[in-house]
Amino acid sequence: MMSMNSNLFEPGKSKPERSFVQLAVKQNQRLDGRRSNESRDVELTFGTDWGSVAVSMGDTKVMAQVICEMGLPSLSRPNEGKLQLNVLLGGVAFLDEAYSTHDQRSLKLNSLLERTFRSSKCIDLESLCVAAEKHVWCIRVNVNVINHDGNLYDASSIATLAALMHFRRPDVSYKDGELRIFKQNGLEFTPLLFHHYPVSVTYCVYKSSGQPILDPTLLEENAADSVIVLSFNSYQELCSLTAGGTAPTNAPIVMQCARNAAARCKSLLDFVRKALALDEERRSQGDRSVNGLVGLILNTEHKLSYNKLMGIQKQQQQQQQQLPPGENMELDNESSETPVANEEPSKKEGAGAPMDTSDWLPHDEDSQELPMRSEAIPSKAGKYKTNKKTRPRKQNNSDSEEEAKQYI
């Protein structure tokens with residue numbers, strides 16, 4: 001007989017699993033052998049239909065499909081199209097055991113994708129308008145979760161961005177009150193117009209260690225004390241920030257994650273653009289063998305790997321060969337990313353010491369140094385007597401007291 005608390009069937013929900021992951025993170029170790037700032041390989045597979053993409057990050061598999069139809073605009077924005085995002089978790093077995101868990105995960109994913117793509121206004125919605133107050137394009141993205149092994153946020157955002165960039169809508173004409181859609185009449189399909197291209201990156205924070213973990217698995221994600229999700233575009237501009245949990249997420253930890261996330265988002269966008277160029281080349285050659293959901297998930301011939309296209313594996317092998325044996329040194333999984341510090345700033349540097357490359361934090365230029373505590377020495381009576389070395393007083397440009405008495 002199944003237990004009433006179905007959350008225990010999800011990895012990382014029991015106390016022994018949480019304590020085991022906490023102990024491993026404290027020793028700077030991960031179950032899959034990755035480093036704390038190393039992510040899993042991202043694989044893209046484009047389907048025959050425009051806007052159909054499958055994304056794999058380890059055992060996490062997500063599929064996105066873009067659908068367009070003609071509809072009425074909203075009353076508040078009559079000259080803009082619509083963008084709708086929908087996440088379906090029907091493929092995950094243990095999430096379907098409890099409706100509350102299923103509904104909660106779905107709402108979180110939907111809200112995150114809407115903040116990343118709709119609130120940031122990454123798509124030019126005015127270009128989707130055919131006739132003001134009458135006809136606009138309604139774009140809908142359906143994200144289907146096939147398997148869940150952690151970090152659904154990044155997989156869903158990559159799948160949504162790749163599907164929107166891969167999508168082509170048919171051409172239309174509106175003359176004399178008549179709407180006409182050209183689907184298969186030899187006219188080229190029109191791609192969507194973008195203002196920017198956002199991608200999200202997820203970190204997990206634990207109380208046992210101050211080192212954030214990039215791209216967590218399901219076991220690491222459920223055992224984490226806090227989760228930080230950052231979305232950046234190619235201009236390294238922050239699009240959205242989501243942080244929640246019980247672990248203290250102070251400014252140095254957030255800035256640490258933000259610097260690495262900005263570089264990773266830029267490299268992920270370069271990977272998606274290279275994958276789209278290869279898919280366009282295959283289409284020009286007439287190679288369209290990937291068709292259907294099963295073909296997207298199981299097909300290995302047309303999978304485009306992030307590590308292979310970006311040359312990450314070769315760089316890691318070369319760097320590992322150059323390192324002397326026994327030297328403990330962390331390597332980045334991307335050449336453009338900066339490594340995450342293993343230790344927090346020491347107390348010797350002072351609490352007010354500025355960070356190295358924190359361009360997002362403002363610096364106080366008019367800040368004055370406070371007097372040292374050694375300038376005042378407590379006496380036996382309990383009062384404070386100043387040191388013999390006193391600071392020279394500033395010269396006053398005003399008249400002295402003697403000159404003022406003469407005039408009086």
Side-chain angles (χ1 to χ4, degrees), residues 5-43 55-62 89 91-95 97 101 105 108 145-156 158 200-230 243-247 249 253 256-257 260-261 264 268 305-307 312-313 315-317 319-320 323 326-334 337 339-343:
N5 189 5
S6 60
N7 289 336
L8 293 178
F9 291 95
E10 190 173 351
K13 291 293 185 179
S14 62
K15 291 183 179 179
E17 289 176 336
R18 291 177 61 88
S19 60
F20 177 75
V21 174
Q22 293 276 354
L23 181 60
V25 171
K26 187 176 182 180
Q27 299 175 358
N28 295 328
Q29 294 181 359
R30 303 180 71 173
L31 299 181
D32 52 4
R34 290 183 292 153
R35 295 181 293 272
S36 59
N37 60 343
E38 184 179 355
S39 63
R40 293 172 290 184
D41 189 17
V42 182
E43 295 179 343
V55 176
S56 299
M57 297 181 63
D59 292 334
T60 301
K61 301 182 184 298
V62 173
L89 298 174
V92 185
F94 57 83
L95 292 183
E97 295 175 359
T101 306
R105 294 275 184 145
K108 284 183 178 180
V145 179
I146 308 302
N147 191 33
H148 179 25
D149 189 28
N151 201 4
L152 281 180
Y153 303 107
D154 295 2
S156 301
I158 295 172
S200 65
V201 176
T202 303
Y203 289 90
C204 282
V205 182
Y206 299 85
K207 293 180 179 179
S208 59
S209 174
Q211 178 70 20
I213 285 182
L214 173 65
D215 187 18
T217 60
L218 183 60
L219 182 62
E220 296 172 343
E221 186 176 340
N222 290 334
D225 297 314
S226 296
V227 178
I228 302 175
V229 183
L230 303 102
T246 58
T249 53
I253 292 179
Q256 209 178 67
C257 298
N260 291 341
R264 174 164 173 78
L268 283 174
S305 173
Y306 171 83
N307 290 342
I312 302 302
Q313 291 179 348
Q315 293 179 4
Q316 289 181 354
Q317 291 177 0
Q319 291 175 352
Q320 288 177 0
L323 286 178
E327 183 177 357
N328 185 11
M329 180 176 181
E330 290 190 357
L331 298 176
D332 287 337
N333 60 332
E334 298 167 4
E337 292 186 13
V340 180
N342 290 329
E343 298 179 356

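For reference, positions follow the sequence shown, starting with 1. Everything numeric in this text was worked out from a predicted model, so none of it was measured.
The line from CZ of R30 to OG1 of T217 is 6.5 Å long, rounded to the nearest 0.5 Å. With rounding to the nearest 0.5 angstrom, the CD1 atom of I213 is 12.0 Å from the CD1 atom of I228. Note that CG of N151 and SG of C204 are 8.0 Å apart. Values are rounded to the nearest 0.5 Å. Rounded to the nearest 0.5 angstrom, K61 NZ and N147 CG are separated by 7.5 Å. If you take CG on L214 and SG on C257, they are separated by 9.0 Å, rounding to the nearest 0.5 Å. Atom CD of residue Q27 and atom OG of residue S208 lie 9.5 Å apart, to the nearest 0.5 angstrom.
Among residues at least two apart or in separate chains, salt bridge (Lys or Arg N to Asp or Glu O under 4.0 Å) pairs with a member in residues 208-217 are R34-D215, R40-D215.
Formation of a donor-acceptor pair under 3.5 Å by the Q256 side chain with backbone atoms of I253 is not found in this model. S19 places a side-chain N or O within donor-acceptor distance of the main-chain N or O of P16, the cut-off being under 3.5 Å. When atom types are taken as modelled, the side chain of D154 and the backbone of T202 share a donor-acceptor pair closer than 3.5 angstrom. Judged purely by atom type and a 3.5 angstrom limit, Q211 has no side-chain atom pairing as donor or acceptor with the backbone of N28.
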| field | Residue pair L152, T60: steps toward the side chain to side chain contact (heavy atoms under 4.5 Å, CB included) verdict | value | CA-CA 7 Å; L152 281 180; T60 301; 3.8 Å; yes
| Stepwise, does the side chain to side chain contact (heavy atoms under 4.5 Å, CB included) test hold for M57 with Y306? | CA-CA 10 Å; M57 297 181 63; Y306 171 83; over 6 Å; no
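Residues passing the side-chain contact (heavy atoms from CB on, under 4.5 Å) test with D225, sequence neighbours excluded: R18, Q22, Y206, K207, T246, A247. Here L31 pairs with F20, L219 under the side-chain contact (heavy atoms from CB on, under 4.5 Å) rule; sequence neighbours left out.
Side-chain N/O atoms of S39 and R264 include a donor and acceptor closer than 3.5 Å. When only modelled atom types and interatomic distance are considered, S305 and D41 share a side-chain donor-acceptor pair under 3.5 Å.
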